[in-house]
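Just so it is clear: chains get the letters A, B, ... in the order the sequence lines come, proteins before strands, and each one is counted from 1. Note: hydrogens, waters and symmetry copies are ignored here, and every other heavy atom, side chains too, is used.
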Amino acid sequence: MLELTRIRESKDQIAEALKVRNIDADADLAKVIALDEERRATQHQMDTELQELNSLSKEIGELFKSGKAADASELKDKTAALKENSGKLKTKLQEIEDAINEILYRIPNVPNPLVPKGNSDQDNEIVAEHGLKPTLYSGAVPHWELIKDYNLIDFELGVKITGAGFPVYRGKGARLQRALINFFLDEAIKAGYEEVIPPHLVNADSGFGTGQLPDKEGQMYHCTEDNLYLIPTAEVPITNIYRNVVLKDTDFPIKNVGYTPCFRREAGSWGSHVRGLNRLHQFDKVEIVQLSHPDKSYDTLTEMVNHVKGLLDKLELPYRVARLCGGDLGFTSALTYDMEVFSAAQERWLEVSSISNFETFQANRLKLRFKEGSDKPKLAHTLNGSALALPRIMAAILENNQTENGINIPKVLVPYTGFDKIN
RNA sequence: GGAGAGUUGGCAGAGUGGUCGAAUGCGGCAGUCUUGAAAACUGUUUUACUUAACGGUAACGGGGGUUCGAAUCCCUCACUCUCCGCCA
């Protein structure tokens with residue numbers, strides 16, 4: 001959610017920047033400013049009436065104390081009109097504030113100047129490419145066949161137990177999955193992140209804090225009985241650790257890492273190219289979250305991108321880094337880098353991580369602030385990234401390392417899996 | 001699931017209708033003293049909105065009500081704790 005003061009101060013720059021997202025927010029922003037002026041006028045009037053009411057009440061109290069009940073009841077009559085009027089103003093104020101919020105909730109974050117114009121992922125800017133695409137042997141097959149051949153994951157069994165998109169990992173498939181989780185966590189801990197194991201269900205306040213609510217309600221599984229949501233990413237519970245918190249500037253940087261399963265309804269987003277592990281309703285992910293001083297947050301973003309690059313290097317997977325264009329940029333993000341690995345049998349780039357700086361957009365909703373010396377509290381910057389999402393990493397590992405004699409496990413994972421080959 | 005008790009400032013904890021935004025203690029910050037530190041002493045210590053400023057308004061779990069006036073009374077919702085039951 002954008003800050004009202006920022007809109008007041010730089011409406012035109014914001015409107016201009018939002019055009020990169022192909023959004024015309026001029027009318028909305030103008031409306032917000034008009035409503036804000038009305039809000040201030042209304043509040044001022046209400047405050048004045050309340051002030052008068054308060055002082056009359058005080059007088060009445062004193063009159064009662066000194067036994068002048070008659071004078072007091074005379075004053076009482078004068079309060080009626082003030083009460084009624086201030087009550088009306090309070091209602092009006094609430095309506096104005098609701099109207100302002102209704103607009104603010106649907107204005108996305110202002111993109112960083114680096115964000116290129118564009119409509120879809122076709123227009124993302126590839127800023128780096130690393131590693132060599134492997135040459136596969138002639139009998140190479142996509143991961144969904146490897147998974148069957150080696151009995152690593154059973155989709156049909158998942159369908160029986162739950163439904164489509166809830167796979168059952170088994171045998172070496174399960175162990176490889178667990179190895180990856182531990183590897184990612186250990187690497188993050190080495191990089192200075194504190195590990196957390198957060199709840200997998202969150203309340204509506206948390207969903208609102210990180211921006212999933214109200215915009216993306218339909219993408220989360222909702223337990224209506226208890227009004228809790230299954231987390232679509234660990235970002236939600238981890239970032240919400242800091243909801244309603246005032247930090248000290250010396251607390252930065254705050255670095256958390258957490259492994260959680262992630263649950264996404266993905267309503268209506270199933271197509272031909274989402275076979276196998278490419279898209280699931282439940283998947284595992286290790287997420288890194290950082291809170292940063294506003295002056296440092298873009299250095300932090302770079303640091304996080306480099307951390308993920310390091311993971312992919314160690315796994316010996318070819319990858320590229322894409323800077324998301326305005327049309328592809330998430331609602332809450334100011335700048336996002338997607339990491340994509342090349343999955344050699346599908347011959348496709350698969351998104352395995354999305355690393356974003358939200359600047360103050362989430363912090364404003366979260367009321368996440370920090371104090372610098374004796375200054376007033378200011379909003380902190382929040383960032384997060386997948387490090388990494390498991391299914392597509394597994395798909396790429398299986399496809400890229402397949403040979404006639406089986407699938408080779410990347411060296412760095414062998415201490416975690418306890419085996420170096422799937423055959 | 002049954003019964004009961006609670007929710008006040010960073011924490012602990014007073015306050016049951018009228019200078020209560022809120023005693024007191026702890027913690028934090030600043031100062032005095034000291035070569036330095038500790039101790040002691042003194043002062044200070046919430047946030048939001050609004051105002052050029054002085055100031056004003058709001059907030060004692062959330063929402064609503066009674067009243068001239070609510071932290072204090074009433075209703076309602078949420079949460080927490082204790083005991084019992086059940087249980088990984």
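With a 6.0 Å radius and a threshold of 12 heavy atoms from other residues, nucleotides or ligands, A/Lys90 has its NZ atom at or below the threshold. Within a 6.0 Å radius of CZ in A/Arg178, no more than 12 heavy atoms belonging to other residues, nucleotides or ligands are found.
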Just the atom pairs and distances: protein N or O near nucleotides 64-68 of chain B's N or O, under 3.5 Å.
residue, atom, partner, partner atom, Å
B/C68, O2', A/Ser57, OG, 3.0

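Taking a pair as Watson-Crick or G-U wobble with both distances under 3.5 Å, the runs of three or more consecutive pairs in RNA chain B are B:1-7 with B:78-84, B:10-12 with B:24-26, B:27-32 with B:40-45, B:46-50 with B:55-59, B:61-65 with B:73-77.
Between B/U19 and B/G28, the two P atoms lie 33 Å apart (nearest whole Å). Separation of the C1' atoms belonging to B/G21 and B/U57 is 13 Å when rounded to the nearest angstrom. Using C1' as the reference atom, B/G61 and B/U8 are 10 Å apart when rounded to the nearest Å. Between B/U46 and B/U42, the distance separating the two C1' atoms is 23 Å to the nearest Å. Rounded to whole Å, the separation between the C1' atoms of B/C86 and B/G15 comes to 41 Å. Nucleotides B/G13 and B/G17, compared at atom P, are 23 Å apart to the nearest Å. Rounded to whole Å, the separation between the C1' atoms of B/G69 and B/A12 comes to 31 Å. When the P atom is used for both B/U32 and B/G36, the distance is 11 Å, rounded to whole Å.
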Show me the donor-acceptor pairs, under 3.5 Å and distance only, between side chains in residues 91-104 of chain A and residues at least two apart or in other chains.
residue, atom, partner, partner atom, Å
A/Thr91, OG1, A/Gly87, O, 3.1
A/Gln94, NE2, A/Asp98, OD1, 3.1
A/Asn101, ND2, A/Glu97, O, 3.4
A/Glu102, OE1, A/Arg106, NH1, 3.2
A/Glu102, OE2, A/Arg106, NH1, 2.6

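Taking the six-membered ring for Trp and the full ring otherwise, the centers of A/Tyr105 and A/Phe208 sit less than 6.0 Å from each other.
For residues 28-35 of chain A, proximity to RNA chain B is found at no residue, defined as any non-hydrogen atom under 4.0 angstrom from a strand atom.
For the pair A/Glu97 CD and B/A59 P, the interatomic distance rounds to 13 Å; values are reported in whole Å. With rounding to whole Å, A/Asp205 atom CG is found 11 Å from B/C79 atom P. Spacing between atom CD of A/Glu59 and atom P of B/G69 amounts to 15 Å, rounded to whole angstrom units. Counting to the nearest Å, the C1' atom of B/G62 and the CG atom of A/Asn227 are 15 Å from each other. Between A/Asn244 atom CG and B/A59 atom P there is a gap of 18 Å when expressed in whole angstrom units. Here B/G10 presents its C1' atom at 13 Å from CG of A/Asp251, a figure rounded to the nearest Å.
Residues A/Glu84 and A/Lys88 are paired through a salt bridge, judged by an N-O separation under 4.0 Å between the basic side chain and the carboxylate. Using a 4.0 Å cut-off between a side-chain N of Lys or Arg and a carboxylate O of Asp or Glu, A/Asp186 and A/Lys190 do not qualify as a salt bridge.
Within the structure, side chain to side chain donor-acceptor pair (under 3.5 Å) contacts touching residues 357-366 of chain A (residues at least two apart or in different chains) are A/Glu3-A/Thr360, A/Glu235-A/Gln362, A/Ser297-A/Asn357, A/Tyr298-A/Glu359, A/Gln362-A/Thr382.
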Fill in: Sugar-phosphate or base contact per nucleotide [nucleotides 43-57 of chain B; S, B, -; heavy atom under 4.0 Å]
----SSBSS----BS

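Looking at A/Ile107 and A/Leu29, their side chains come closer than 4.5 Å, going by heavy atoms from C-beta outward.
In this structure, the separation between CZ on A/Phe361 and CG on A/Leu2 is 5.5 Å, given to the nearest 0.5 Å.
Between A/Phe370 and A/Phe252, the ring planes are perpendicular. Angles over 60° get that label, and only those under 30° would be called parallel. Ring geometry for A/Tyr229 versus A/His222: interplanar angle under 30°, hence parallel rather than tilted (30 to 60°).
A/Asp154 and A/Tyr169 form no side-chain donor-acceptor contact under 3.5 Å, judged by distance and modelled atom types alone.
Cation-pi geometry between A/Lys172 and A/Phe419 is met: under 6.0 angstrom from the ring centre, within 45 degrees of the axis.
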Item to complete: May I have the step-by-step check of side chain to side chain donor-acceptor pair (under 3.5 Å) for A/Lys367 and A/Asn244, ending in yes or no?
Response: CA-CA 5 Å; A/Lys367 296 195 179 14; A/Asn244 272 319; 5.8 Å; no

